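Inspection log for the structure reproduced underneath, given as structure tokens.
Predicted model only: the values in this text are computed from it and were never measured.
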Amino acid sequence: MDMIRWFDSITLHDAPQVGGKGANLGELTAAGLPVPPGFVITSDAFLDAIDRSGARLKLRQVIDNADPDDPASLTACAHRAQQLVHATSLPDHLAEAVRDAYHRLGAGTRVAVRSSGTSEDSAGTSFAGMNATFTNVAGDEELLARVVDCWTSLYGERVISYRASQRIGDEPSLAVVVQQMIPSERSGVMFTVDPSRAHPDHIIIEAAFGQGEVVVSGQVEPDTYVVERTGPALLNVRVGIKTIKIVQGADGQDQQISLDPSEGSRRVLSDDEVLGLASLGLAVERHYGSPQDVEWANAGGHTYLVQSRPITTLGGLSSEDITSSAHDARATESEEDPKVLVSGLAASAGRASGRVRVLHSPSEGDLLQTGEILVASMTSPDWVPTMRRAAALVTDGGGMTCHAAIVTRELGVPCVVGARNATTVLRDGELVTVDGAKGEVYEGAVSVVAATTAPGGAGTVPMAPVTGRGVAPAPTPVLATRLYVNLAIAEHAEEVAAMDVDGVGLLRAEFMVVDALRGVHPRLLLERGEEKAFVDSMSASLLRITRAFAPRPVVYRSIDFRTNEFRSLEGGERFEPQEENPMIGYRGCYRYVREPDLFRLELDVLARVIEQTPNVRLMIPFVRTQWELEACLDIVGTSPVAGALPVWVMAEVPSVAFFIPRYAAMGIDGVSIGSNDLTQLMLGVDRDSEVCADLFDEADPAVLDAIGRIIHGCQDAGITSSLCGQAPSNRPEFAEHLVRLGITSISVNPDAVSAVRRSVAAAEWRLLLESAVPERDHAHLGSLVAARSHPRSQRSGGAPSSEDAGPGPR
């Protein structure tokens, strides 16, 4: 059992042992990004400690009795659970290991001690600020005490409530991060995509003086900088009113200092510093391949990254997509000139009407009635149990990246923060409308176009339109091009399945596999005879998804771990070769051919699933040659049940464009373009390379040409063509280019569904108009798809038109 793991030995696949924070710090360290050094006390160490103390079984019984909708029950259960954990001390062997690791950082080093939950900071849940963090900790005894305090926070009232609301039913477990403390002069949070509107072109940076706690806890109104990704270029600056800062005092402890009005209203970052941070954020996003929520700190002229996590709340709503409250107030007949009562930052999109309830403390939460508008001075995570019942949230302080703003977005609750005077202007019982997309609160109930939200989902999920007096139904475009969704975990299957999508175009197996393997290399699992447990776990997760989407298709991409990722699992060093470039090494289809016994385990999973839900498809990744695909299909054919599955291949290797006629003749039903890997191999640039990041562009003319050849090859062969890369999710206009090429389907992230649906619908209408009025002067799409800030792109004239992007003479 590993009790201590250093950052430089951790990857995302270690999350079950090191938690979300620990896994992300390991990823950032491995990417060569500026991360203060540290180590993680693993979740296995926590579970071992509560086992030895006899608390583990008692904790399960306490949690089973908790009622998340009963505040009194929550309070009692949390109190009892925390008593049990707090009475748990570190076993002697663990205490010695922690002291030894701490001494390696340097005698007396001040550290941050941070909880790292095993369900935390994933693509679906944030647990924003709910578990404990301690700063400026020094000395052996204080460190050991803070570790137990972190463990205890795992059973706080707000954590139990949040887990219930997100339907997280596994046993709570916690790792603890110990990281060298940065004496922050300035700090804050950066979202590489606008989290309130999922705007693909804006980076949001919030900054304050001192340590970042004042930003994420909502104690001050931070500066907000809006940056255009292209360039990057600074678009807007909103200087916040910062009343305090927290710094390291003369005694080494946290010290809160009041700021006078002139200092508190001073701008935190210069233009150049903002753009430097934005570039660093884009490097983090490129490493992960998805939008990120990044915490940063600056000291002595150097910028450090102290955390990164996926943005969990990109609900694909535009400012026109708005939410109706369940409140029974009548809508006004007109909203031509609604009176604005207060305004602030647009923290969570949506609009809701209801009666105001001004509360001054989380202890007053019982006063809030379901459907009322919660108004508070501060955006603290302690409000989470109350926020779940609110129609909307308005706060005096905080920024759009504070913890409570994150949670409201995840709960689908409209939110305005930083309104400054909401608690004094808004009165209890007053009927108001909160517009979370505009950051405004209106007098009365303003007529809206309504859409409900899925409770407990990851982000805001557009549902069926609601109609009624003063409410017009929002039309949903009917598409000829199928719109699929990318999915990675089973926990949010029901919420995503409720969206207006045609199925799952890319189900990534890796996240489910990590859970099913429980940190053990599959070969070691075979040695131990634990195949059945693996098949049971995987099929249960997959069935949750296929049932939610039935009868719509679910395209399951088989395991595509690389050797460096497999090596990080228990026993991995015994079974995995050491490769200099695993990205183009032993992976995908070739691995299945070389290790058919492991591939058959997946086929056993699919066989069990297809017997109950026949809507699953198998997609084989990283297919390089005809002979390896033939050998792989032979293995599939040996399964009496899974052998009947429709089979797709991923188009990640450029050779697929050449082999499509032969693959179709072999019985392949579809081809899905993985534009991330395809771009990497077309342009010869490691997609994870920060040094070569300027070269990576999915809209490069050569990449577009390859995409066109693949789509037209599928058309000629009479098989399905799809694309499941990141480009349409980040750049909805890219979807229009694919429609013009004649693609069968496009698969995007859940947060991008609404925007891409509109882009596809507009593209299909434009094609109809162009065919009806061929002499009309139609704008080329190419400049929209691939316009880049790099000077070379200006000389090359941007991307080709849709005609030029396709294959040559055929």
*Salt bridge or not for E570 and R528, using N-O below 4.0 Å?*
yes
*asked:* Is any side-chain heavy atom of L94 closer than 4.5 Å to one of I41?
replied: yes
*Do R104's NZ or CZ and the ring of W6 fall within the cation-pi criteria of under 6.0 Å and 45°?*
yes
*Got a salt bridge between E295 and R309, using NZ or NE/NH1/NH2 to carboxylate O under 4.0 Å?*
yes
_D92 atom CG, over 12 foreign heavy atoms within 6.0 Å_ = no
_Short N-O contact, R146 and D149, less than 4.0 angstrom_ = yes
*Does a donor on one side chain and an acceptor on the other come within less than 3.5 Å for Q578 and N564?*
no
*asked:* A cation-pi test, strictly: NZ or CZ of R587 under 6.0 Å from the centre of the six-membered ring of F622 and no more than 45 degrees from its axis. Yes or no?
replied: yes
_Greater than 12 external heavy atoms within 6.0 Å of E573's CD_ = no
*asked:* Please determine whether side chain to side chain contact (heavy atoms under 4.5 Å, CB included) holds for the pair H103 and T109, giving the CA-CA distance in whole Å, both sets of side-chain angles, and the decisive distance to 0.1 Å.
replied: CA-CA 8 Å; H103 295 164; T109 297; over 6 Å; no
*asked:* One thing to verify: whether E527 and R574 come together as a salt bridge, which I'm taking to mean a side-chain N less than 4.0 angstrom from a carboxylate O.
replied: yes
*Give the C-alpha distance, both sets of side-chain angles, the deciding distance and a yes or no for salt bridge (charged side-chain N to carboxylate O under 4.0 Å, His left out) between R562 and E579.*
CA-CA 10 Å; R562 300 185 290 272; E579 292 186 302; over 6 Å; no
*Give a yes or no on this: more than 12 heavy atoms of other residues, nucleotides or ligands lie within 6.0 Å of atom NE2 of H79.*
no
*So, do V111 and L105 sit near enough that their side-chain heavy atoms are less than 4.5 Å apart?*
yes
*salt_bridge(R523, E531) N-O dist < 4.0 Å*: no
_Test side chain to side chain contact (heavy atoms under 4.5 Å, CB included) applied to V215 and S187, step by step_ = CA-CA 8 Å; V215 177; S187 55; 5.5 Å; no
_Parallel, tilted or perpendicular, judged at 30° and 60°: which one describes the rings of F599 and Y592?_
parallel
*Any side-chain heavy atom of Q255 sitting closer than 4.5 Å to one from I246?*
no
*Lys/Arg-Asp/Glu bridge criterion (N-O < 4.0 Å) met for D48, R52*: yes
_Polar contact flag, side-chain donor to acceptor under 3.5 angstrom, D14-Q17_ = no
